[in-house]
Visitor: 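Sharing a structure with you now.
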Amino acid sequence: MKAFITGIAGFAGSFLAEHLLAYGMEVSGTVRNTSKEDHIRHLLPYIRLHACDLRDKAAVNNAIREAKPDYIFHLAAQSDVPSSWQHSIETLYNNFACQTHLLEAVRTYRADCKILIAGSSEQYGYVKPDELPVKETNPFRPLNPYAISKITQEHIGYQYYKSYGLQIVTVRAFHHTGPRRGENFVTSSFAKQIAEIESGLKAPVLYVGNLEAKRDFLDVRDVARAYRLALECCDSGEAYNVASGRSMSIREVLGILLSLTDSDIDIQVEASRLRPADSAEVSGDYSKLHSKTGWKPEIAIEQTMADLLNYWRAKITS
Ligand SMILES: C[C@H]1O[C@H](OP(=O)(O)OP(=O)(O)OC[C@H]2O[C@@H](n3cnc4c(=O)[nH]c(N)nc43)[C@H](O)[C@@H]2O)[C@@H](O)[C@@H](O)C1=O
């Protein structure tokens, strides 16, 4: 089987590439900037890269024609919530155009391949307490431009499924983290600051935003497995939560990270880390995915945080 990952050099893309290779698939994918391949450097002998900006229709057509994939995992996106407020039009345009170019290329050159679209729990936005853990049938009440772009991507997928019969499955991934997570996201920001404090590079003050928000945390390696299973076993035209079913406050996750260090650290709220809107609590019901695939999360948050902190310790001292 030939798998093709958009955003293969990204955080989730790199773990998905490892997982699919271990599963015996031929793996290729798109990178926008060939100089930023840190996450997949160790995989370069085993994968094929296509230098392709998905906003460039001709480049996407070429990549799909060359790769001839059986499975496409569409992960590439502008995925940072705070910058989606600053660059709302670019976020919407980017996530809309990249996916439309991809689906047009598939429709023209590879109509029988299966496509997974990476959606997000952010699509649910504001969730009422009695709706938790949220099911796929819950209404979307988006709270930021990124969420709107992900809802749009899901709708485009549905439209191509209905209009042209493309085999498209959408997953709504809840908050996932682990080694290689970008430092602008909460757990990596905290872990990096701790590693810097431990090595004397930073004063013992850790800056935080809204610690009361509750999120459904997953390990990226569990998410990679869910993506593969979803594409193999789930129904086209449907959306599936990838979630743990439980929520945990950012304060609790910070507590796990702090329990892994001997450093004495002060916590300070930094106003720039607070958002115009932030869902109070989100957790997802993953029974729809489980019933199709048997998937359930396996890696405990304590393990994920230990691996993440060790990732930053190694990166900072290298
Ligand atoms: C599912 C979803 O998951 C990710 O989006 P995100 O949830 O915005 O991720 P984050 O790690 O930036 O924030 C998580 C929570 O943590 C709070 N928070 C507290 N203190 C800090 C802080 O210091 N930094 C940050 N970044 N957040 C903080 C913040 O207010 C929010 O409530 C993306 O993968 C996205 O693509 C996606 O789809």
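In each ligand, atom 1 is the first atom listed, and ligand 1 is the first ligand listed. Computed over heavy atoms, backbone and side chain alike; hydrogens, waters and symmetry mates excluded.
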Visitor: Taking the cut-offs as 6.0 angstrom to the six-membered ring centre and 45 degrees off its axis, would you call K288 and Y240 a cation-pi pair?
Guide: yes
Visitor: Name every donor-acceptor pair, under 3.5 Å, that has one atom in a side chain of residues 155-162 and the other anywhere in the protein, sequence neighbours excluded.
Guide:
unit_1	atom_1	unit_2	atom_2	d
Q159	NE2	S163	OG	3.4
Y160	OH	E104	OE2	2.6

Visitor: Once the angle between the rings of W295 and Y286 is folded into 0 to 90°, is it parallel (under 30°), tilted (30 to 60°) or perpendicular (over 60°)?
Guide: perpendicular
Visitor: Check whether the side chains of E154 and T170 place a donor and an acceptor atom closer than 3.5 Å, and report yes or no.
Guide: no
Visitor: Do any side-chain atoms of residues 199-212 form donor-acceptor pairs under 3.5 angstrom with protein atoms, and if so which ones, sequence neighbours left out?
Guide:
unit_1	atom_1	unit_2	atom_2	d
S199	OG	A195	O	3.0
S199	OG	E196	O	3.3
K202	NZ	V205	O	2.4
N210	OD1	E212	N	3.0
N210	ND2	D278	OD2	3.0
E212	OE2	R251	NE	3.3
E212	OE2	R251	NH2	2.4

Visitor: Report all protein residues having a heavy-atom distance below 4.0 Å to some atom of ligand 1; order the list by chain, then number.
Guide: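 Close residues (ligand 1, cut-off 4.0 Å): S79, V81, S120, S121, E122, Y146, A173, H175, R181, N184, F185, V186, F190, V208, G209, N210, A213, R215, I250, R273, R275, D278.
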Visitor: Can you name the side chain to side chain donor-acceptor pair (under 3.5 Å) partners of K315, sequence neighbours left out?
Guide: none
